[in-house]
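Comments concern the structure below.
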There are 2 protein chains.
Amino acid sequence: MQETLNSWQAVHDEVLRRIHARDWAPGDLIPNETDLAAEFGCARATVNRALRTLAENGVLDRRRKAGTRVALHPISKAILDIPVIRHEIEQRGQTYGYVLLQQKLAVPQMQIQLAMHLAANTKLLHVKAVHMADNAPYVIEDRWINQNSVSGANSIDFSIISANEWLLSHAPYTHGDITFSAVAADAHKSELLAAQPGDALFEMHRTTWDHDIVITTVCLSYAPGHKMKTTL
Amino acid sequence: MQETLNSWQAVHDEVLRRIHARDWAPGDLIPNETDLAAEFGCARATVNRALRTLAENGVLDRRRKAGTRVALHPISKAILDIPVIRHEIEQRGQTYGYVLLQQKLAVPQMQIQLAMHLAANTKLLHVKAVHMADNAPYVIEDRWINQNSVSGANSIDFSIISANEWLLSHAPYTHGDITFSAVAADAHKSELLAAQPGDALFEMHRTTWDHDIVITTVCLSYAPGHKMKTTL
DNA sequence: CAGAATATTATGTGCAGACAAAATACATAT
DNA sequence: ATATGTATTTTGTCTGCACATAATATTCTG
C-alpha cells in the first residue's frame, strides 16, 4: 500500500511516474478512480482532478464505463503564445520601432475575400506596416480590417499605435484561425525586410471573428532566420 | 437576479459573454467567487471551476486576495497538436508511405551535440527517412536518438516502423522544446522532396527529454507549400 | 515613523456524498 | 437471430463544508 497522497498534484505526479516507469504502459487500462482513491488514501474527487488534468494534456484517454487508459500516442500539444509584437520585441531587450506604410480603404483580393467570408466588392481598411527590432526590420504586418465590425477603426491613426496593438484591446474576438507557413520573399517583401528576393520567410496568417462576423485578417512576414519557439 | 446557472460550463459561458459584451472590460475586477455563486445560484466550487478554466485560457488573471480581473492583454494561445506523421496523413484521407534512407551510428555535428547537451564524440543512432502522402514526398525526418536513454533502439529496424512512431510509444518524455522556422531548400533536401533548390521549406526542430536525459532530436523538413493550421 | 506582528480577504484545494450521463453487457421479447 | 429494453459500471460534476495559502490591510510596538 502506498503512502497517502492527499493532493491532486501528488496523485498527478505519481500516476505520471508510473507511466514513465512503465508500470502502466501505453494502451494499458489503469485502476478506476474509486480504487486509486482507496490506494492513495484520498477522495475520489482528488483522483478525478489529477486524471482529468492528465487527460487534458493528452497523457491519458478516458471514457465513461470504458475506464482510463494510458494514451497510445501521447499527442504532443505545443502551446504557442502569440503576444503583441511590441511586447515580443521589448521582452528580448530590443528597442521597438514601427513604420506605417499604408492606411486606406480598398477592396481586397479574392483570396482575402474568401478567407473573410465577405460579399464581393466590400471595402475594407487596409493597413500595412513594418515592425522594427533594434532598427532592423523584424516583421511586415499586412492587415485588412472589417470597419463594420470594429467601431472607430476608421478614425484611428495607425501611425501612432499599431493596428496589432489597437485591435487587441478594442476588438475582442470569440475565435480565430491561424496558419503558419514558409514562403520565398518576393521583391517587395525582401526590400521591406532588407533581405534578398527568394529568401525563405516564416509567415503567419491569422483571421479573427466576433461570433460570425469577421474582424480582421493579418499576414505577418518575418525577417529571414526568424524562429518561433515553445516547449512541450 | 440571474436565472440559476448550475453547471460550470454555463457559468463559464456567462462570464465570457459579459466580458465580450464589455460589462466587464479588460482590467476590471470582477465579483468574487462567493458573490458570483450567490448570483448564479450555484456552489462556489462550480464558479471556481469556471473561473479557473478561463484563467488557464488566459482570459482572466487571478491572484489570491487580490481577486479576479479580466486580462488586459488576452494573450492568444494557439494550441498545436503534433500528431504522429502517419496519422496526420491518413486523417486527410491520403495514403501513407515511408522510405527509410539511413540508420547508423555516428557522431553528430557540433550544433546537434550542443542542442542535446552531449559529451563530445558521443555516438548516436542517426535515422533519416522520408514520409510520403499519396506517393508524393511529404516530409523529411532527420533524427538523432540517444541509444543510452532508449533501451532497444539499437535492435529496431526502422524500415518497418518509423522512428517517429516507435519512439512515441516506447520512449515517453517528460518535456521537450520545439522550434518552427523557414529555410531555403539545399540540393539534398530539394531532391528528396521533389522540389527546387532554394524553395522555402517549413521546418520543425524538436528535442525531447526524460528528466535530464535527452532522448532524441529531430528535424522535420516539409515539402514546399506545407501549412500548419490551428485555431485560437 | 519604521518595522514587525496580526487580522482580513480572496482564491486554492480537500472531503464525503449524491446523482447524471455515457457506454457496455446482459436479458428478454418478437 | 435480431432487435429492444434493462442493469451495471465508470467517469463527470454539483453541493456544502472545511481548512490552507497567499497577499494585502491594519494594528501594535519601539
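Below, chain A is the first sequence line, B the second, and so on; all start at residue 1.
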Minimum side-chain heavy-atom gap [X]-[Y] below 4.5 Å:
X	Y	value
A:Asp142	A:Trp144	yes
B:Tyr173	A:Leu232	yes
B:Ile82	B:Ile178	yes

One should read off an interatomic distance between A:Arg44 CZ and A:Asp35 CG, to the nearest 0.5 angstrom, of 11.5 Å
Gap between atom OG1 of A:Thr208 and atom CD1 of A:Ile215 - 0.5 Å precision
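Here the interatomic distance stands at 4.5 Å.
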**Prompt:** Is the A:His226 ring parallel, tilted or perpendicular to the A:Phe202 ring (thresholds 30°, 60°)?
**Reply:** tilted
Practice task
Measure the acute angle between the ring planes of B:Tyr98 and B:Tyr96, then classify it against the limits of 30° and 60° as parallel, tilted or perpendicular.
Solution key: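 Answer is parallel, since the angle falls under 30°.
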Within residues 56-68 of chain A, the residues having a heavy atom closer than 4.0 Å to DNA chain D are A:Arg62, A:Arg63, A:Arg64, A:Lys65, A:Gly67, A:Thr68
Produce the list of close N/O pairs, under 3.5 Å, pairing protein atoms with atoms of nucleotides 15-19 of chain D; give distances to one decimal.
residue : atom : partner : partner atom : Å
D:dT15  : OP2  : B:Ala43 : N            : 2.8
D:dT15  : OP2  : B:Thr46 : OG1          : 2.4
D:dA18  : N6   : B:Arg44 : NH2          : 3.4

Exercise for review: May I ask you to check whether A:Glu141 and A:Asn164 show a side-chain donor-acceptor distance below 3.5 Å?
Suggested key: no
Point to revise | A:Asn48 vs D:dT11: side-chain N/O to OP1/OP2 distance below 4.0 Å | key: no
Base, sugar-phosphate or nothing for B:Ser7? Non-hydrogen atoms, less than 4.0 Å. sugar-phosphate
- Do B:His20 and A:His211 have ring centres separated by under 6.0 Å?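 Yes - the distance between ring centres of B:His20 and A:His211 falls below the 6.0 Å cut-off.
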What is the distance, to the nearest angstrom, from the [atom1] atom on [X] to the [atom2] atom on [N]?
X	N	atom1	atom2	value
A:Leu36	D:dT9	CG	C1'	15 Å
B:His12	D:dC14	NE2	C1'	17 Å
A:Arg49	D:dT11	CZ	P	18 Å
A:Asn32	D:dT10	CG	P	5 Å
A:Asp35	D:dT9	CG	P	12 Å
A:Trp8	D:dA20	CH2	C1'	16 Å

Which nucleotide of DNA chain C is the first, and which the last, in the 5' to 3' direction, to come under 4.0 Å of a heavy atom belonging to chain B?
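Extent of the interface on DNA chain C: C:dT8 to C:dT13.
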So does B:Lys77 have more than 12 non-hydrogen atoms from other groups sitting under 6.0 Å from NZ?
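For B:Lys77, atom NZ is crowded (more than 12 foreign heavy atoms under 6.0 Å).
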Side chain to side chain contact (heavy atoms under 4.5 Å, CB included) with A:Arg143: of A:Leu125, A:Leu124, A:Val218, only one passes, and it is A:Val218
